[in-house]
Amino acid sequence: MSEVTHVEEIFAKNVFTLGKMKQRLPKEVFREVKSVIDFGGELSKTSANVVAKAIKDWAIENGATHYTHWFQPLTGITAEKHDAFVSHPDEMGNMITEFSGKELIKGEPDASSFPSGGLRATFEARGYTVWDITSPVFLKEASTGMILCIPTAFCSYTGEALDKKTPLLRSMEAVSKQAVRIVNLFGNTKATKVTPSVGAEQEYFLVDEDLYKRRTDLMFSGRTLFGAPAPKGQEMDDHYFGVIRERVGGFMKDLNEELWKLGVTAKTQHNEVAPAQHELAPIYETANIAVDHNQIVMETMKRVAIRHGMRCLLHEKPYAGVNGSGKHDNWSLTTDTGKNLLDPGLSPNENVQFLLILACILKAVDTHADLLRQSAADVGNDHRLGADEAPPAIISVFLGEQLEDVVRQLVETGAATSLKEGGKLETGVSTLPDTQKDATDRNRTSPFAFTGNKFEFRMVGSSDSIADPNTILNSIVAEAFCEAADRLEGAENFEIAVHDLIKEYMTEHQRIIFNGNGYSEEWVKEAERRGLPNIKSTIEAAETLTKDKTVELFEKFGIFTRVELASREEIIYETYAKTINIEALTMIEMAGKQIIPAVVRYSKTLADTVNAMQDAGVDASTQKGILQDVTVRLTAMKKALDELIEVEKKAGQITDEKEKAYFYKDTVRDVMQALRTPADELEMMVDKELWPIPTYGELMFEV
Ligand code: ADP
Ligand code: MG
């Protein structure tokens with residue numbers, strides 16, 4: 001039995017928590033920090049220096065040698081540049097470590113190597129990072145030693161966001177401001193702030209490291225580019241929630257401990273649908289911290305897996321034909337007076353507020369379904385969205401039977417008559433009981449589902465940052481709240497006005513509600529009839545970013561400028577083309593240097609056998625037939641390989657990023673498939689001893 005871990009002892013051991021700040025900072029400085037965290041603003045220069053010194057002392061006491069501004073550029077992962085806590089030694093050769101408030105708050109990494117989608121050409125190349133004081137600094141234990149990480153936002157000198165965090169923080173402010181207006185209307189005048197809460201369930205695969213290293217495709221592209229299905233897949237449903245295997249269990253234990261030390265509330269863990277697929281979910285928290293923590297979760301998974309002789313695959317579709325990996329982004333809104341706005345509540349008044357909020361969310365999601373879809377798009381996720389196991393690429397909202405019925409009543413009958421009679425607002429239903437959490441009311445096929453007191457956005461890809469989806473959610477909901485508040489604040493009779501508004505929004509946007517099977521062919525047709533967008537790929541979704549309605553939304557709330565949006569669209573095309581280019585080149589290498597030579601060797605064995613048998617006067621027609629079958633496929637492979645080399649050359653000559661991305665999508669990918677199909681068939685025919693790469697069976701079952 002290994003050592004027992006006491007969570008309370010190690011939890012947030014490596015985080016400079018508010019508690020530690022309180023202990024180590026003078027009272028006034030702590031109060032200033034707390035006020036900036038709660039209400040915004042900037043730390044004074046003197047306080048910043050005091051805070052920096054306290055952080056440095058704590059970090060060094062805990063073994064830190066370096067610090068870094070930890071930020072999230074548009075690559076979707078985090079970036080860091082380590083600086084040692086060293087300065088000029090004094091005359092006597094003693095090192096006096098220094099770390100000023102300025103170094104804590106502002107950094108200047110060289111921005112030129114991060115994607116900027118043309119922003120660099122238009123603006124200053126330099127960028128700077130600014131401490132996000134609402135997300136605590138932490139110590140990362142890495143092979144390089146203990147690093148103090150300071151969560152930061154990353155902007156250009158002229159203020160354009162170069163990262164995923166800046167717009168997220170802007171969107172949080174926007175939704176807070178508008179939501180406060182809504183709750184004020186319902187008599188809650190104490191609330192001054194509304195915070196989006198986020199809990200991200202993270203799926204991942206584990207694979208044995210030795211096998212991984214023999215798969216060039218996994219190493220370079222994070223997914224298998226060849227591979228015939230294993231005799232056993234996920235059809236027995238014996239992996240989901242099954243007993244966790246020993247080595248995986250050891251990994252999970254280690255992972256949890258690492259995460260707890262970093263203040264991540266890793267809560268649930270279980271096996272997922274596919275063999276060697278697992279899930280981890282932390283407890284929800286403030287959106288920007290949840291975004292940071294999800295990055296930490298992904299990084300830590302990769303690091304800990306290596307320690308256990310495995311690799312963690314975060315790709316959305318590491319294996320064709322088996323369940324892919326996603327991330328469920330659970331989202332809700334909570335006031336600083338402690339009320340979750342997505343909780344139906346117990347009194348009719350709370351119910352009306354809830355229904356208004358629900359109506360606004362329906363309006364937001366319907367109006368910006370394309371944008372929400374875009375926020376979950378990435379190259380890897382294209383393999384998943386619309387396939388069997390994942391949500392379809394069509395956005396719809398699942399409300400559950402009870403709420404759907406409420407909406408129907410409101411749309412059909414309204415409550416105008418009861419208003420006349422009683423002079424009091426009726427919601428059309430009695431108080432909504434809190435029964436939505438009932439497991440029987442779950443719909444796993446919906447991309448955007450109401451689950452009791454939160455929405456669960458299930459489209460996000462497993463490798464993707466959750467910053468974009470939450471930025472979009474906050475923004476579109478802020479817009480709907482704003483419009484509602486504009487109308488209601490000026491209303492003569494609030495009760496009638498709010499009722500009319502709920503009815504109007506629900507009537508206009510009910511087409512977005514769908515409680516049926518999102519994977520069915522009928523739904524695709526039905527959605528088309530309803531006029532809902534069905535955007536098939538990442539690059540088609542990219543255009544949404546610069547549509548007028550999107551730009552208007554973001555500019556209204558100061559979240560993105562048109563220029564920032566155009567740059568992000570450009571980066572999507574670039575990233576898309578680069579990713580598929582790497583995949584294509586990897587296939588060329590594997591086919592040319594591994595698979596084709598192996599098949600040629602096998603063909604020779606077969607040919608030798610045929611000759612020997614014929615010499616011996618024995619009928620060799622069976623062996624000949626096998627040789628024939630192998631040769632047909634080998635020829636197909638060679639032809640596709642030549643063609644892939646050819647189209648790759650062509651792709652390299654295209655200079656327009658969008659055109660290039662479409663060329664990869666419409667041309668290169670087809671040729672890649674043409675190369676894969678015969679290769680996978682050959683895998684089933686060629687002597688196992690000769691097959692040069694580990695099979696799906698080995699990759700998924702030998703963990
Ligand atoms: P599931 O059945 O999908 O696993 P859970 O209830 O276990 O649902 O929650 C999944 C995630 O949702 C967890 O990260 C959890 O902390 C988070 N979550 C729960 N309540 C809320 C809420 N009000 N707002 C945001 N996230 C929440
Ligand atoms: Mg879930």
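As a basis for the values below, the full set of heavy atoms in this structure was taken, side chains included, without hydrogen atoms, waters or symmetry mates. Both ligands and their constituent atoms are indexed starting at 1 by order of listing. Residue indices begin at 1 and follow the sequence shown. Please read these numbers as outputs of a predicted model, since none were measured by experiment.
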Enumerate the atoms of ligand 1 whose separation from the nearest heavy atom of I283 is less than 4.0 angstrom.
-> 16 (O)
Only residue of K317, E203, Q277, Q202 satisfying side-chain hydrogen bond (donor to acceptor under 3.5 Å, both in side chains) with S325 is Q277
Contact between E456 and ligand 1, counting heavy atoms under 4.0 Å?
-> yes
Under 4.5 Å between any side-chain heavy atoms of L333 and F481, yes or no?
-> yes
Has ligand 1 got any nitrogen or oxygen that is less than 3.5 angstrom from a nitrogen or oxygen of W331?
-> no
Please work out whether any backbone atom (N, CA, C, O) or any side-chain heavy atom from C-beta onward of N340 is under 4.0 Å from ligand 1, and answer side chain, backbone, both or neither.
-> side chain
Could you tell me whether a side-chain N or O of S520 sits under 3.5 Å from a main-chain N or O of N517, the two making a donor and an acceptor?
-> yes
Does the N or O separation between E279 and ligand 1 drop below 3.5 Å for any pair?
-> no
Heavy-atom proximity to atom 15 (C) of ligand 1, picking from P282, S332, A287, A281, points to P282
Heavy atoms only: which of E201, E285, K267 is nearest to atom 10 (C) of ligand 1?
-> E201
Measure up the F455 and F448 rings against each other and bin them: parallel (under 30°), tilted (30 to 60°), perpendicular (over 60°).
-> parallel
Note: ligand 1 atoms sitting under 4.0 Å from heavy atoms of N453 are 23 (N)
Is there a nitrogen or oxygen of H328 sitting under 3.5 Å from a nitrogen or oxygen of ligand 1?
-> no
Atom 25 (C) of ligand 1: which of S197, P196, G452 has the nearest heavy atom?
-> S197
Does a side-chain heavy-atom distance below 4.5 Å link L553 with I476?
-> yes
Give me the ring orientation class for Y319 and F205: parallel if the planes are under 30° apart, tilted from 30 to 60°, perpendicular past 60°.
-> perpendicular
F138 vs W70 aromatic rings, parallel, tilted or perpendicular, using cut-offs 30° and 60°?
-> perpendicular
Note: ligand 1 atoms sitting under 4.0 Å from heavy atoms of G199 are 14 (O), 26 (N)
Check: R247 side chain, H308 main-chain N or O, donor-acceptor pair, under 3.5 Å = yes
